[in-house]
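Lettering of chains follows the sequences in order, A, B, ..., and the numbering in each one begins at 1.
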Protein chains: 2
Amino acid sequence: MRAEVLQVRAFSRAVTRRFGVLDEQYLGRRRPLAEARLLFEVGMHATAVRDLRARLGLDSGFLSRLLRSLERQGLLVTESARDDGRIRVARLTRAGRRELHHLNALSDALARSVLAPLSPEQARRLVAAMAEVERLLCASSIAIAPAQPGDQDAANCRRQYFQELGSRFPEGFRPTAAHTLTLRRLEPRAGRALVARLAGDAVGFGAVRRIAPGMGEIKHMWVAPRVRGLGVGRRLLAELERAARGMRVRVLRLDTHASLTEALGLYRSAGYRKIPRYNDNPYAQHWFEKVLVASVRPGRG
Amino acid sequence: MRAEVLQVRAFSRAVTRRFGVLDEQYLGRRRPLAEARLLFEVGMHATAVRDLRARLGLDSGFLSRLLRSLERQGLLVTESARDDGRIRVARLTRAGRRELHHLNALSDALARSVLAPLSPEQARRLVAAMAEVERLLCASSIAIAPAQPGDQDAANCRRQYFQELGSRFPEGFRPTAAHTLTLRRLEPRAGRALVARLAGDAVGFGAVRRIAPGMGEIKHMWVAPRVRGLGVGRRLLAELERAARGMRVRVLRLDTHASLTEALGLYRSAGYRKIPRYNDNPYAQHWFEKVLVASVRPGRG
DNA sequence: CGCATTCTCTGACTATAGTCAGAGAATCGT
DNA sequence: ACGATTCTCTGACTATAGTCAGAGAATGCG
């Protein structure tokens, strides 16, 4: 563990030094770095100011000033959104798009300057290692937390989940009230809903509810396609089990459709055993159960 | 190439975001980041202010102010160097060392927070990929440039080279004037000396000199132990060949000792062929030659 | 309708990270 | 010995990156 921690630190130092310095040299030469980043973030299509604020994590006053500055330079314009007059939308002008292209070219040059001194074989290996680091840092940035009641993102995850069921079940899918959980129905002590977030975006969802004394049920496990294969499902499931234990649940059940092969694999490898049908869900072909035991390993996230 | 460049850019964005934000959250909470970095850089033993300036790349006025600030906080003291009264040396006080330990602990926590959400297998792979990226970024940061006449670092490289020969040759080594190049002897048009630098430190050296019309000789190729295996020797050699071509040299020769196995391997794989003894160097057992042809690939360094 | 909330903006302020010119002390080179 | 150079420091200045409070317009909700 110690050696791993030291490697992470050495990596962080090496990379932020190299790229931080280059960023300033390449991108920040002509204008403040914050303005350059904002140009990147607005990008080619109109973007709401509130989204910019969320994505860049900036103070609203500061962002507003940056927008005014770019506006004065003729690089972008802002206008009110059609459907909501409070929201302002920023859009690059022709000159702004040209400037963005220029920044992109600089950014490419920066990347090339990193690859250039290397042999083709070294460059290939560097790129592969970078992809791996990026993928795993993404996995590590995903935080799992309880869904707040009335959480729009959580509701949105459920919607995407249902849509996906509809497209994957050969027979189609139409959610029935009986098998659909609302967050409200879980409150206050009937269950728990968790949301996985990546940089503010909800990228995973899962819920557990009590269905009998000492017995719980996992519902609506879903992971956004773009973060599949990063272990988010496994982490969500582990956290739901932790929550279930906290609710004095000893046995967890769940049902699933035969076409959801990744889910079937996850449940099996997480220790769930097939049991006979225990409910009347018309879309389920498999039913699982796991007896929870006191966990040795503490929760991780 | 395009895909590789995009991967490098995506990586840079992901990593600087993740670690930049964390750095500020963890290390910069109690004091300006520049001060924290300075504490790290001074470290456990006394360090000359000029070295701090070089390593951190700071303006002398700014650094001086940072030092005064840390001095006021009782974290370090500065005093004049014994052998040179102009040079000031900074050293952490007891309180400064405590603070450094604290910063180290925070830095460790930061690293752990990256690893914590991952499965053991994912963590293992992340650390391995980080090590690879760090290694190759280090390789890519090494710049090869002509040695300025009177360059202390270049002279120092030659000294280390001789020391290493002394420790590796079974018969020992004592440089003879006849086979030792000084930079001055290469000036102005008799040859060229190149230095490889990593963040200001000289980590490699090599020279080429004209020994007959159309004929050159590679001398004093040396790569610092800490950057071996990164392809620096190969790059140095390629650049020396480029320089030789620029000097209208068509045939390059070199001699080497039987115990320098890496060098022998490098010369062979770079297209050098064994030839009979062409000089009276008492320490040489192998002589090589390469006929230079117009290079298809442009220089890369 | 009217009150609470959301969203953006402005003004006033602060902290951080420098840059630049020049002074003063020490040392180097000849 | 002495002029050039090196090294550090101070004072004065600027740019960047914010923070915070509050105003004003638009919308949501009962």
Using distance alone, with no hydrogens and no angle criterion, decide if [X] and [Y] have a side-chain donor and acceptor under 3.5 Å apart.
X: Q160(B); Y: W222(B); value: no
X: S69(A); Y: R65(A); value: no
X: Q73(B); Y: E99(B); value: no

*Pairwise 5' ranking along DNA chain C for E35(B) and A81(B), keeping only the more 5' one*: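 Nearest-nucleotide comparison on DNA chain C picks E35(B).
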
*asked:* From C-beta outward on P32(B), which listed nucleotide comes closest to its side chain: dT8(D), dT16(C), dT5(D)?
replied: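 Comparing dT8(D), dT16(C), dT5(D) against the side chain of P32(B), the answer is dT16(C).
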
If I take atom [atom1] in residue [X] and atom [atom2] in nucleotide [N], what distance separates them, rounded to the nearest angstrom?
X: I87(A); N: dC7(C); atom1: CD1; atom2: C1'; result: 7 Å
X: L33(B); N: dT16(D); atom1: CG; atom2: C1'; result: 15 Å
X: L38(B); N: dA17(C); atom1: CG; atom2: P; result: 12 Å
X: L52(A); N: dT8(C); atom1: CG; atom2: C1'; result: 12 Å
X: R88(B); N: dT10(D); atom1: CZ; atom2: P; result: 9 Å
X: D84(A); N: dT27(D); atom1: CG; atom2: P; result: 6 Å
X: R50(A); N: dA26(D); atom1: CZ; atom2: C1'; result: 13 Å
X: D83(B); N: dC7(D); atom1: CG; atom2: C1'; result: 13 Å

TODO: Give a yes or no on this: more than 12 heavy atoms of other residues, nucleotides or ligands lie within 6.0 Å of atom CZ of R174(B).
DONE: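 Not buried by this count: 12 neighbours or fewer within 6.0 Å.
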
Practice problem: Please check the phosphate of dT8(D) (OP1 and OP2 only) for any side-chain N or O of R53(B) closer than 4.0 Å. | Solution: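 For dT8(D), OP1/OP2 do have a side-chain N/O of R53(B) under 4.0 Å.
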
| Between R226(A) and D201(A), is the closest basic N to carboxylate O distance under 4.0 Å? |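 The answer is yes: the pair qualifies as a salt bridge.
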
What's the spacing between L70(A) CG and L76(A) CG if we round to 0.5 Å?
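Result: 5.0 Å between the selected atoms.
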
| Residues from residues 54-71 of chain B lying under 4.0 Å of DNA chain C - heavy atoms |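 Contacts with DNA chain C under 4.0 Å: D59(B), F62(B), R65(B).
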
- Task: For the pair T47(A) (side chain) and H45(A) (backbone), establish whether a donor and an acceptor sit closer than 3.5 Å, ignoring hydrogens and angles.
- Result: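 Side chain of T47(A) to backbone of H45(A): a pair is present.
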
